[in-house]
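Inspection log for the structure reproduced underneath, given as structure tokens.
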Amino acid sequence: TLASSLRFEDGSQCGEIAASAFRGTQLTGSLSFPASLKTIGARAFENVTLLTDLRLDENIEELGDGAFYGCTGLKTLYYNTPFNGYTNDRRASQFYNVGKESGELVLTIGRSIQKVYARAFSPAYPSRLVFEEESRCEEIEAGTFSGKDLGGDLIFPASMKRLGNNAFYGTLIGSVSLTENIEEIGSAAFASCSRLNKVEWNVPAIATNESLFRCSGGSQGFVLVLG
């Protein structure tokens, strides 16, 4: 197809986008879907490198393998789909290399998401992580953002309870605010964060370990603010 944009008419009843439907096309700009859409097929938008903004709402129940594989130009991704059937095979990853070329992908976790899966986002390239207002997110899996160029200020919602091992290892975050509802922080969750300059700690007594912030803060270290 030679289409340069994809829009859905108000009241659209489209329920599915077939596998490879827009694979390798020149679609540009923003992409959102009607409330009727349930399924996005395998490789449906693979290597659509000119897309800049993508919105996945909670009505989307199925994301086929490689659905947005290679959408390297993305700058914003709003993620609120309940789909959790992610694979460990990077070649089949729904978000492989997403945002890699733009270098400024803002990943917004929607209010309905309760768990952020490593298999979903470890192959992506987010530069910032944001949680929607009234977020119900409770967990970020081990290694989800490890080694990514994730920067800026990291503020968790009040619902957050668990941060997995190496969840933010080696990222470029500048500050992190840890809320009182957090019950578990895994080993090296914030280790080797060279640009970390401030940690707001309001976590009650939980089991931590010396590797939690190991080698973070660079040569100047970071400011610890106790809540």
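Residue numbers start at 1 and run along the sequence shown.
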> Going by distance alone, is a donor N or O of one side chain under 3.5 Å from an acceptor N or O of the other, for Thr76 and Asp53?
Replying inline: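 Yes, Asp53 and Thr76 have a side-chain donor paired with an acceptor closer than 3.5 Å.
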
> Looking only at side chains, do Ser175 and Asp153 share a donor and an acceptor under 3.5 Å apart?
Replying inline: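 Per modelled atom types, Ser175 and Asp153 side chains form a pair under 3.5 Å.
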
Looking only at heavy atoms, which two atoms of [X] and [Y] are closest? And how far apart?
X	Y	answer
Ser127	Val106	OG-N, 4.4 Å
Glu58	Pro82	O-CD, 3.3 Å
Arg128	Val130	NH2-CG2, 3.9 Å
Ile109	Val116	CD1-CG2, 4.1 Å
Arg91	Arg43	O-NH2, 2.7 Å

Quick one: pull up [atom1] in [X] and [atom2] in [Y] and give me the separation to the nearest 0.5 Å.
X	Y	atom1	atom2	result
Leu77	Asn80	CG	CG	11.0 Å
Phe145	Thr171	CZ	OG1	9.5 Å
Lys75	Ser30	NZ	OG	10.5 Å
Thr108	Ile113	OG1	CD1	12.0 Å

> For the residue pair Phe131 and Phe156, does the interplanar ring angle fall in the parallel (under 30°), tilted (30 to 60°) or perpendicular (over 60°) class?
Replying inline: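 Tilted: the ring planes of Phe131 and Phe156 meet at 30° to 60°.
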
>> Classify the ring geometry of Phe95 against Tyr86: parallel below 30°, tilted from 30° to 60°, perpendicular beyond 60°.
In response: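 Judged by the thresholds at 30° and 60°, the geometry between Phe95 and Tyr86 is tilted.
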
>> Any non-hydrogen side-chain atom of Pro157 less than 4.5 Å from a side-chain atom of Glu132?
In response: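 Not in contact.
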
>> If you define the side chain from C-beta out and look only at heavy atoms, does anything of Ser187 sit under 4.5 Å from Asn166?
In response: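 Contact flag for Ser187/Asn166 side chains = no.
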
> Looking at Tyr78, is Arg55 sitting on its ring face, NZ or CZ under 6.0 Å from the six-membered ring centre and within 45 degrees of the normal?
Replying inline: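 Yes - Arg55 lies over the ring of Tyr78, closer than 6.0 Å to its centre and within 45° of its axis.
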
Determine whether a donor-acceptor pair (N or O, by modelled atom type, separation under 3.5 Å) exists between the side chain of [X] and the backbone of [Y].
X	Y	value
Ser102	Leu74	yes
Ser36	Ser12	yes
Asn59	Leu37	yes
Glu180	Asn202	no
Ser216	Cys193	yes
Thr72	Gly99	no
Ser159	Ser135	yes
Asn181	Ala158	yes
Ser211	Ala188	yes
Asp57	Phe33	no

> Do the side chains of Leu63 and Phe8 join up, straight or via other hydrophobic residues, at under 4.5 Å, putting them in one cluster?
Replying inline: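 Leu63 clusters together with Phe8.
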
>> In this structure, would Ile173 and Leu178 fall into the same cluster of hydrophobic residues linked by side-chain contacts under 4.5 Å?
In response: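 The answer is yes; both residues are in one hydrophobic cluster.
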
>> Exactly one of Glu138, Arg162, Glu141 should register a side chain to side chain contact (heavy atoms under 4.5 Å, CB included) with Lys115. Which one does?
In response: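 Of the listed residues Glu138, Arg162, Glu141, the side chain to side chain contact (heavy atoms under 4.5 Å, CB included) partner of Lys115 is Glu141.
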
>> Run the side-chain contact (heavy atoms from CB on, under 4.5 Å) test on Thr28 and Thr52 for me, step by step, so that the C-alpha distance in whole Å, both residues' side-chain angles and the decisive distance to 0.1 Å come before the verdict.
In response: CA-CA 7 Å; Thr28 62; Thr52 55; over 6 Å; no

> What residue among Trp201, Phe190, Phe213 forms ring pair (Phe, Tyr, Trp, His ring centres under 6.0 Å) with Phe222?
Replying inline: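 Checked Trp201, Phe190, Phe213 against Phe222; only one passes ring pair (Phe, Tyr, Trp, His ring centres under 6.0 Å): Phe213.
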
>> Are there over 12 heavy-atom neighbours, none belonging to Tyr69, within less than 6.0 Å of that residue's OH?
In response: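 Enclosed: over 12 neighbouring heavy atoms sit under 6.0 Å from OH of Tyr69.
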
